[in-house]
Visitor: 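Below you will find the structure I want to go over with you.
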Amino acid sequence: MPELPEVETTCRGIAPHVVNKIVQAVVVRQPQLRWPVPANLAEQVVGQKLLGVTRRGKYLVLRFATGHMLVHLGMSGNLRVVARREDPGYHDHVDIDFGAQCVLRLNDPRRFGAVLWTSAPLLEHELLAHLGPEPLEALFDADYLYQRSRKRKLAIKAFIMDSKVVVGVGNIYANEALHAAGIRPTRAAGTVSRAAMERLVSEIKQVLARAIEQGGTTLKDFVGGDGKPGYFQQQLLVYGRQGQPCRGCKKPLKEVRLGQRSTVYCTSCQR
DNA sequence: CAGCGCCCCTGCCCGC
DNA sequence: TGCGGGCAGGGGCGCT
């Protein structure tokens, strides 16, 4: 479900409700997520004030005085603020209870998500230490992507989806950005021209920024931190449109499988 | 090291 | 209607 815009939407949606509130209780109904939820999570945070909610890649970072709680939504997770009286449902695995009608609730049917705790300096955490730049920050530019891609033989789509290269570009937006930039997803990263990299960086930034503005892409059941669906889905030009006409040239869009992921492109507009 | 495929898991959709 | 197979937005990890 969530790509970077969905995680950012969640971050913005929950922050006003939970920041500066004190954790009253932690309820773990299902500890078996991507990694086990730490057994001592409650004792780490109960009684502590949540100082801030940020995002690094697709990891949500909840900052406390003594450390950070990392939350990843995996493929099917969502994190919402609910009233305490709202009974937990199926797949509601973890509650962070702030009292006063305010519970942060993780729901994740596939359980690819994670809830972790680290008291070491945040950026030293192994899951964050080797991440590439944020796609919407200035550090991510054509120079950077061009230099890093030289001599790389893997497909450009897999390259931009590698979180060590740049974080937060998931399958949907990789498909969309490559289409907008006129680059064939299967092309070896090292053969993409400098000019094409300029377009690609620009399109990645644009597609992510637009999706964030609109509250993310709702596929199936995504809802942001406030429970509202996103509206970006209606603007997808290639993802899920295989066989349908390219909006540019009207030729049917082709679908191939790249690294076990659905890859859709126009054989005429993308070279 | 780079690159590729395999999983973790549930739900849903499709074809038989 | 029931069931098996394939696929789904992520991404760490192990193998070659």
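Everything numeric in this text was worked out from a predicted model, so none of it was measured. Proteins get letters first, then strands, A, B, ... in listed order; numbering begins at 1 in each.
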Visitor: Report the stems of DNA chain B as range-with-range entries sorted by first number; a stem here is at least three consecutive pairs, Watson-Crick or G-U wobble, both distances under 3.5 Å, and write none if there are none.
Guide: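 Listed by first number, the stems are B:2-8 with C:10-16, B:10-16 with C:2-8.
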
Visitor: Answer with yes or no whether A/Arg111 presents, from its side chain, a donor or acceptor under 3.5 Å of a partner atom in the base of B/dC9.
Guide: no

Visitor: Is it true that A/Asp95 and A/Arg84 have a side-chain N and a carboxylate O under 4.0 angstrom from each other?
Guide: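 A/Arg84 and A/Asp95: not salt-bridged.
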
Visitor: Looking only at the side chain of A/Tyr239 (C-beta and beyond, no hydrogens), which of the listed nucleotides C/dG10, C/dG9, B/dG3 gets closest?
Guide: C/dG9

Visitor: If Ile, Leu, Val, Met, Phe, Trp and Tyr residues are connected whenever their side-chain heavy atoms lie under 4.5 Å apart, and connections chain through other members, are A/Trp117 and A/Val37 in the same group?
Guide: yes

Visitor: Using atom P of each nucleotide, how far apart are C/dC3 and B/dC9 to the nearest Å?
Guide: 23 Å

Visitor: When you compare C/dG9 with B/dG3, how far apart are their P atoms, in angstrom units rounded to a whole number?
Guide: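 My reading of the P atoms in C/dG9 and B/dG3 gives 22 Å.
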
Visitor: Apply ring-ring contact (aromatic ring centres under 6.0 Å, His included) to A/His125 and list each qualifying residue two or more places apart in sequence or on a separate chain.
Guide: none

Visitor: Among the nucleotides B/dT10, C/dG9, C/dG10, which one has an atom lying closest to any side-chain atom of A/Arg110?
Guide: B/dT10

Visitor: Using a distance-only criterion (donor-acceptor N/O pair, under 3.5 Å, no hydrogens), is the base of C/dG11 paired with the side chain of A/Arg261?
Guide: yes

Visitor: When you compare B/dC1 with C/dG11, how far apart are their P atoms, in angstrom units rounded to a whole number?
Guide: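 The same atom, P, in both gives a distance of 22 Å.
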
Visitor: 5'-most contact on DNA chain B: A/Ala158 or A/Phe112, nearest heavy atom basis?
Guide: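 Nearest nucleotide further toward 5': that of A/Ala158.
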
